[in-house]
Participant: 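I'd like to ask you about the structure that follows.
Naming: A, B, ... by sequence-line order, numbering from 1 per chain.
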Amino acid sequence: MQNVLTFGDVKISKDAALSLLEKMLDIRRLQEKIIQIYPTDVMVTPVHLHIGQEGVPVGVCAHLQATDTIFFGHRTHGPALAKGMDMKVLVAELYGRSTGCSKGYGGSMHLVDAANGMLGSSSIVGGNISLGVGSALASKLTNAGYISVSYFGDGATDSGVFWESLNFAALKQVPVLFVCEDNSLSNVMLKSEHMFLTTLIPVIKQFMTVFEADGTSALSVYEAAGRAVEYVRKEGKPAYLECKTKRWMKHQGVDKDDLPDNPIDPINDCPIQKLETLLLDAGIVVQRDLQELEDRVAGKIKAAIEFAEQSPFPGEDDLVREV
Amino acid sequence: MPWSKIVKNYGKADGDRIRTFKEAIGEAVDQAMIKDPAVFAIGLDANDKFGVFGSMHNVTHKERVIGTPISENAMTGVALGAALSGMRPIYIHLRVDFMMLAMDQIVNYIAKWRYMFQGQVKVPIVIRAVIGRGWGSGAQHSDSLQGLFTHIPGLKVIMPSNPYDAKGLMLSAIEDDYPVIFIEHRWLYNNTCHVPEEPFTVPIGKGKIVREGRKLTLVATSIAVIDSLLACEPDLDVEIIDPRTLKPVDEELILESLKKTGRLLVVDYDFPVSGFASEVCSLAAEKAFHYLKTPVSKMTFPECHMPASGILEKRFYPDPSRIAARIKEIIADAA
């Protein structure tokens with residue numbers, strides 16, 4: 001049996017490839033579970049699902065350490081799980097329980113896990129980008145050695161704070177990786193409706209080194225992010241990683257996206273199917289291995305939901321606390 | 001150009017180490033930076049030779065004073081990201097109106113981070129905002145806006161009126177693990193009083209009686225404290241309270257005084273509606289109603305923006321003579 005998967009110039013060990021796959025399955029199957037139970041209103045919080053885009057956070061975070069920081073926006077579930085958040089505290093937060101990562105005060109869009117470098121997420125598109133630059137500035141000022149990731153979608157590149165952050169990061173040469181998870185949509189607007197240019201890459205290249213990846217392929221992201229993270233860490237300079245991907249679901253909620261100009265190919269746009277096919281074709285895994293993986297992920301989701309269901313709600317008397 | 005002018009020197013009298021307001025702030029920042037390498041200053045022109053009206057001259061660790069592009073919103077996010085990562089930023093706005101460009105970060109992020117994440121991450125940020133008036137600065141460069149910030153849960157708001165309090169409160173603000181808005185009136189910068197050399201703190205949330213009296217409680221903020229002191233000279237029987245912190249305000253101090261005087265006037269140089277003056281009046285109505293002998297009263301800006309022309313500007317601002325006239329109206333019934 002093969003133990004190394006070759007993808008372009010990249011060789012990735014079986015364990016590393018299976019780790020990417022398992023993280024993507026954690027995200028995908030949990031999102032699917034949310035779709036299933038959301039109508040029962042056990043989760044009273046607006047959700048922005050990550051289905052179809054799993055390859056990006058998983059491919060990037062595979063190269064990050066717990067001390068590296070990441071600042072993401074409203075679409076939280078993917079990057080949070082990829083960066084190492086315990087699924088139990090994520091689900092408990094969605095259930096509004098006191099055991100949630102934000103103790104039930106944050107909801108789906110406001111997750112925190114300081115031990116794993118997640119210092120708080122925001123629902124307002126764009127602002128989180130500047131927080132990543134600030135964290136990188138702190139690393140540089142204190143010679144702390146960690147890098148920071150500002151994680152956003154292409155909609156955020158329309159905001160002033162994006163350009164202000166890009167300029168300052170380049171000006172001060174701080175170790176931040178800008179990751180654009182580019183699904184070509186800003187809520188219901190196609191790229192052609194929200195952006196004058198068809199691509200920003202030639203402009204961004206004037207600020208910093210740019211890396212590009214196919215966001216529908218975890219291995220493509222893994223490969224490009226590997227180079228990008230190594231560059232930022234070694235050079236102590238900012239870099240930009242653009243990952244083209246597809247949003248399968250509506251901007252918010254549990255319905256499939258129905259925009260006529262956003263067609264989804266469930267095989268070629270699926271980072272999970274792509275990786276599974278490569279692993280099977282290379283003889284690294286057999287179907288039974290994949291089933292075992294699915295069973296393990298299902299077990300984690302079941303345990304997370306049980307944990308949330310059995311957890312207490314915050315006390316009403318604790319409404320005005322930590323203001 | 002009277003960007004800064006001496007109106008009246010007052011403060012703690014028990015010492016002869018006389019320092020200006022701007023020196024006191026600079027000394028606090030310098031001592032905090034020396035003590036803790038996590039403290040740094042950031043802002044537009046924070047590091048230029050002008051030195052933020054002289055308040056950033058003589059800072060030992062100049063490498064930790066970072067000038068920024070004109071990008072207030074992202075730069076405030078940079079400060080927040082640094083604070084979340086263990087730093088203690090002091091963000092400086094040369095004018096409070098520039099701070100409006102950062103309201104997204106201040107209101108949507110900085111003010112909410114503690115609550116949304118229940119204190120699991122600290123947000124030790126001080127935001128200095130310089131306010132001022134005069135010389136035809138016009139509507140934008142003359143704003144105060146403290147009422148905007150006191151409205152938002154999660155922000156502490158400080159407005160010192162003298163060098164001693166400025167140093168002590170600045171050191172408290174920098175030591176605080178959560179966001180503090182520190183508002184400095186630039187006409188106070190050359191005012192002087194005794195300021196101890198060693199680092200000391202003035203507690204956030206504690207006001208001070210700056211003049212004792214029996215017939216009226218006058219609550220005044222920042223430079224209005226000085227105008228009120230002048231208004232009461234030589235012999236109006238008025239108790240003047242400088243809350244020093246607008247939020248959380250020292251309710252007990254104000255209520256105790258109201259029990260004694262039964263009359264309230266608030267002098268706050270900000271817009272009249274939904275502001276700090278209204279809040280203190282509300283406090284009196286809610287918690288000292290039965291002690292009140294006359295209706296509560298406030299002196300603020302009129303309900304319009306600052307004009308540029310000198311003759312209108314003069315009319316716009318309350319001054320000691322108009323404050324004195326208002327006091328006399330209120331206490332006219334008191335024998």
Side-chain angles (χ1 to χ4, degrees), chain A residues 67 69 71 98 100-107 109-115 117-124 126-142 144 146 148 150 159-169 171-172 174 176 314 318-323, chain B residues 36-40 42 61 63-89 91 101-125 152-156 177-179 247-248:
Chain A
T67 48
T69 56
F71 294 86
S98 62
C101 64
S102 308
K103 303 189 179 183
Y105 289 71
M109 295 174 284
H110 304 301
L111 307 182
V112 69
D113 181 358
M118 288 172 268
L119 303 176
S121 64
S122 163
S123 61
I124 298 155
N128 57 303
I129 299 170
S130 60
L131 272 59
V133 176
S135 188
L137 177 69
S139 177
K140 180 171 178 166
L141 287 174
T142 58
Y146 65 86
S148 176
S150 290
S159 68
V161 69
F162 167 74
W163 294 100
E164 292 180 357
S165 299
L166 211 62
N167 179 53
F168 188 74
L171 197 64
K172 298 294 177 187
V174 296
V176 59
D318 290 332
L319 173 66
V320 183
R321 193 178 76 169
E322 293 288 345
V323 183
Chain B
D36 184 353
V39 178
F40 73 103
I42 182 168
H61 289 286
E63 77 283 1
R64 275 188 264 142
V65 181
I66 300 171
T68 71
I70 305 175
S71 307
E72 282 83 356
N73 197 33
M75 294 306 103
T76 306
V78 164
L80 172 57
L84 294 169
S85 306
M87 303 298 284
R88 305 189 88 85
Y91 200 104
L101 290 147
M103 285 303 263
D104 169 40
Q105 284 292 336
I106 294 168
V107 179
N108 290 327
Y109 293 72
I110 287 172
K112 294 187 167 72
W113 230 246
R114 180 181 189 177
Y115 188 76
M116 289 200 300
F117 307 117
Q118 282 298 291
Q120 296 181 84
V121 285
K122 305 289 184 222
V123 193
I125 297 182
I152 311 295
L155 300 178
K156 299 184 182 92
D177 280 337
Y178 292 101
K247 193 175 187 181

Participant: At a 4.5 Å cut-off on heavy atoms, which part of B:I66 comes close to chain A: side chain, backbone, both, or neither?
Facilitator: side chain

Participant: What pair of heavy atoms forms the shortest contact from A:G126 to A:S159, and how long is it?
Facilitator: CA-OG, 4.0 Å

Participant: Name the region of A:L171, side chain, backbone, both or neither, that has any atom closer than 4.5 Å to a heavy atom of chain B.
Facilitator: side chain

Participant: Give a yes-or-no answer on whether the side chains of A:S122 and B:Y109 include a donor-acceptor pair shorter than 3.5 Å.
Facilitator: yes

Participant: Against chain A, label B:D104 side chain, backbone, both or neither, depending on which of its atoms sit under 4.5 Å from a heavy atom there.
Facilitator: side chain

Participant: If you count heavy-atom pairs within less than 4.5 Å of chain B, which of A:S165, A:S123, A:G120 leads?
Facilitator: A:G120

Participant: Using a 4.5 Å cut-off on heavy atoms from C-beta on, say whether the side chain of A:L131 contacts that of A:L119.
Facilitator: no

Participant: Are any side-chain N or O atoms of A:S121 and backbone N or O atoms of A:L111, one a donor and one an acceptor, separated by less than 3.5 Å?
Facilitator: yes

Participant: Does a side-chain heavy-atom distance below 4.5 Å link A:E322 with A:Y105?
Facilitator: no

Participant: Under a 4.5 Å heavy-atom cut-off, does chain B meet the side chain of A:T142, its backbone, both or neither?
Facilitator: side chain

Participant: How long is the straight-line distance from OG1 of A:T69 back to OH of A:Y146, given to the nearest 0.5 Å?
Facilitator: 5.5 Å

Participant: Heavy-atom distances under 4.5 Å only: say whether A:N167 touches chain B with side chain, backbone, both or neither.
Facilitator: side chain

Participant: Determine whether A:S102 and B:M116 satisfy the following criterion, side-chain contact (heavy atoms from CB on, under 4.5 Å), listing intermediate values before the conclusion.
Facilitator: CA-CA 7 Å; A:S102 308; B:M116 289 200 300; over 6 Å; no

Participant: Search all heavy atoms of B:R88 against all heavy atoms of B:D36 and return the closest pair with its distance.
Facilitator: CD-OD2, 3.4 Å

Participant: Do you know which of B:F40, B:W113, B:F117 has the most heavy-atom pairs with chain A at a distance under 4.5 angstrom?
Facilitator: B:F117

Participant: Using a cut-off of under 4.5 Å on heavy-atom pairs, state which of B:G154, B:P89, B:G81 scores highest against chain A.
Facilitator: B:G81

Participant: Report which part of A:L141 has an atom under 4.5 Å of a heavy atom belonging to chain B: side chain, backbone, both, or neither.
Facilitator: side chain

Participant: Pick one of side chain, backbone, both or neither for B:Q118, based on which atoms fall under 4.5 Å of a heavy atom in chain A.
Facilitator: both

Participant: Heavy-atom cut-off 4.5 Å, strictly under: side chain, backbone, both or neither for A:L319 against chain B?
Facilitator: both

Participant: Heavy-atom cut-off 4.5 Å, strictly under: side chain, backbone, both or neither for A:F162 against chain B?
Facilitator: neither

Participant: Can you see which heavy atom on B:S85 is nearest to which on A:A138, and at what distance?
Facilitator: CB-CB, 3.8 Å

Participant: Using non-hydrogen atoms only, which part of A:I124 is less than 4.5 Å away from chain B: side chain, backbone, both, or neither?
Facilitator: both

